[in-house]
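A quick note: this is a predicted structure, and the numbers were derived from the prediction, not measured. Every chain is numbered from 1 and lettered A, B, ... according to where its sequence line falls, protein lines coming before strand lines.
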Amino acid sequence: MAEEIKESLLPESKHFIQAFIEEDIAPGGQYEGKTVHTRFPPEPNGYLHIGHAKAICINFGLAEQYNGLCNLRMDDTNPSKEDVEYVESIQEDIRWLGFDWAERFYFASDYFPKMYELAKELIRKGLAYVCDLTAEETRQMRGTLTEPGVNSPYRKRSVAENLDLFERMKAGEFADGARTLRAKIDMSSGNMNMRDPVIYRILRAHHHRTGNAWCIYPMYDFAHPIEDALECITHSLCSIEFEDHRPLYDWVVDNVTLPSRPRQIEFARLGLNYTVMSKRKLRYLVEENLVDGWDDPRMPTLSGLRRRGYTPLSIRNFISRVGVSKVPNTVDQAFLEFCLREDLNAHARRVMAVTRPLKLTLTNYPEGQSETFMAENNPENPADGQREISFSKHLWIEEEDFMEEPARKYFRLFPGNEVRLKHAYIIKCTGCVKDENGKVIEVLAEYDPQSRGGSAADGRKIKSTIHFVDSATAINAELRLYDRLFTVEDPDAADVSYLETINPHSLEVLNNAKLEASLASAKKGEAFQFLRMGYFTPDLEHSTDDALVFNRAVTLKDSYKPGK
RNA sequence: UGGGAUGUCGCCAAGCGGUAAGGCACGGGACUUUGACUCCCGCAUUCGUAGGUUCAAAUCCUGCCAUCCCAGCCA
């Protein structure tokens, strides 16, 4: 994958995972002479979000960096929460981000038969037993954080009985929840995960791949190390909350016959301020129809970010720059936005647009006349060529580009002031027309015929340049302006119920009337520049023909601050 | 005296015994046919804290403090 953007700015020092990997593949290391093999193992129970991008970039990125491989694996061991819709969206989003798992696409469910056999191996070794305790009893006997647990009365069952019972669990002889298979470890361990964890439960639910073939399903702690080992994963990279599962991970790997011995390494999850990353809460928004869907532009999902105009490169760069550590972190939205602007600035083709149109009439420009100008598509890259812009007496400009009574340090249009229409002419404002309510509905100006192209014949400096669109050729489009969806200080501190109380304006389209917005030379896939302040990037592919979606907060960087 | 982890600028983050990189944000200036971009300049005498070892510590040792994770038949 080519890193188009300033590679030199990317972190040059190695993070701790890289150090571990290099140690492992170095002479004398655990994986000396082996290929680094990682995996990204999402559970298909929701859409991927920006937080997953970190895990994706780390796993695929590290494999790539060390000439290794990275598998994509659906960790589908809990049929009650999973669905094919999610396995498809996950693949789409990872591809969009720019990563390729080639043919290495796996499902944990493919290993169910093998896992079942390995569970029996554990039983035969006297390391697992069938427990008849109810969920409630199990919890009570597990003890607390400060008190040890109590051994299950079923802990001493014979191997033969355990084998028989486990086989009958699989055969469907018992009701859901009636029995579990537990690993026999240590009920007094300080690590709760080691207090005879349940490794198989009885659960009658339709599995999106295996259908009703199974009524017992392995638990994460048992399944995951096996999945990794069967795929010969060398480095199982996961987030920090699994740190105290590592002893159990190792226990499984050590006590069951497996082809390899993966090493689990944990890193801190990505936190973004003002952003809800909890899958449960995102699902709530979708299910309660508070958003259009998982790909609503206000969602922090990859598909939402995509619709909002985020580019894969910007997200990859963001993840790369944020770094990898074990420190709990909350990264500024502004940093993500910066990464987008950086990419857009370098690669986006510019197009002019106005979102709140105000009529501009050039009183000294002949009625019926028109002309065209050539404009560079991207000042950062001449190779992007030029486009033609049309021009006539009647134009649209942005409402905020005119002030009858200019604020201090306002350089744009006001009576008596000169401004440049980008790529076209210098104009001088001569007045405005108001409606019966006193609202400005039209701005009047005279153009300087000597300034074709935008430069004054006498070389005088023009303080400001504004965008415009020719009303004769403008394309009308509905613009949907979204604000950020989550703007509470600490969204995760609040319960999901707070979502109903947030400002309705941030949930609704800010400008719900059909804006008479105009776009010139709009083409699919192009990024748009918005006024002079930044860019907006409607993702036409993902919107209806007449709807352009963008996020003002993300794509605009205000530089004119009234009163400043 | 449960177990595990983490504490370096507002936010990320280098640093691994030799005297605090970088990015974002922010402030100031230059430039500019996007008040964008770009470019300069500024922005931690200090590394949670208290001691100790050392010629020398953010880096080693000890104690303390703070925060996070773990008591799903979720992942």
Could you check which nucleotide pairs with C39(B) in any of the strands shown, counting Watson-Crick or G-U wobble with both distances under 3.5 Å?
G29(B)
Its glycosidic angle compared against 90° from 0, G15(B) adopts the form anti
For the pair made of OH in Y220(A) and C1' in C73(B), what is the distance, rounded to whole Å?
17 Å
Verify the distance criterion only: is there a donor paired with an acceptor across the side chains of Q18(A) and E22(A) at less than 3.5 Å?
no
Give the rounded distance in Å between these two atoms: CG of N193(A) and P of A71(B).
7 Å
H467(A) (side chain) and A36(B) (base): donor-acceptor pair under 3.5 Å:
no
Spacing between Q140(A) atom CD and C73(B) atom P, to the nearest angstrom:
13 Å
Using the C1' atoms only, state how far A71(B) lies from G4(B), rounded to an integer number of Å.
14 Å
Taking atom CZ of R283(A) as the centre, report whether more than 12 heavy atoms of other residues, nucleotides or ligands fall under 6.0 Å from it.
yes
Quote, to the nearest angstrom, the C1' distance that separates C16(B) from C11(B).
24 Å
Take D196(A) and Y129(A) through the test side-chain hydrogen bond (donor to acceptor under 3.5 Å, both in side chains) and record every step on the way to the result.
CA-CA 9 Å; D196(A) 287 12; Y129(A) 61 96; 2.6 Å; yes
In whole angstroms, the gap separating C1' of A71(B) from CG of D196(A) amounts to 14 Å
Tell me the interatomic distance from I315(A), atom CD1, to C24(B), atom P, rounded to whole angstroms.
19 Å
Tell which nucleotide pairs with C9(B), taking only Watson-Crick or G-U wobble pairs whose two distances are both under 3.5 angstrom.
none
Please state the P separation for the pair C68(B) and C74(B) - nearest whole angstrom.
26 Å
Provide, to the nearest angstrom, the distance between the CD atom belonging to Q18(A) and the C1' atom belonging to A14(B).
13 Å
What does U62(B) pair with, Watson-Crick or G-U, if both distances are under 3.5 Å?
A50(B)
Taking the P atom of each, how far is G3(B) from G63(B), in whole Å?
14 Å
Taking only side-chain N and O atoms of R341(A), does any of them lie within less than 4.0 angstrom of OP1 or OP2 on A36(B)?
no
Earlier contact from the 5' end, RNA chain B, for V327(A) and T180(A):
V327(A)
So, for Y249(A) and H245(A), is the gap between ring centers shorter than 6.0 Å?
no
Check for a donor-acceptor pair, side chain of S239(A) on one end and backbone N or O of E241(A) on the other, with a separation under 3.5 Å.
no
Is a donor-acceptor contact shorter than 3.5 angstrom present between the side chain of N191(A) and the base of G4(B)?
no
Measure the distance from CD1 on I199(A) to P on A75(B) and round it to the nearest whole Å.
13 Å
Are Y86(A) and H208(A) close enough that their ring centres sit under 6.0 Å apart?
no
V198(A) or F335(A): which one's nearest nucleotide on RNA chain B is closer to the 5' end?
F335(A)
What distance, rounded to whole Å, do you find between the two C1' atoms, one in C43(B) and one in G10(B)?
11 Å
Would you measure the distance from the P atom in C41(B) across to the matching atom in C61(B) and give it in whole Å?
39 Å
Whole Å only: how far is the CD1 atom of I185(A) from the C1' atom of G3(B)?
15 Å
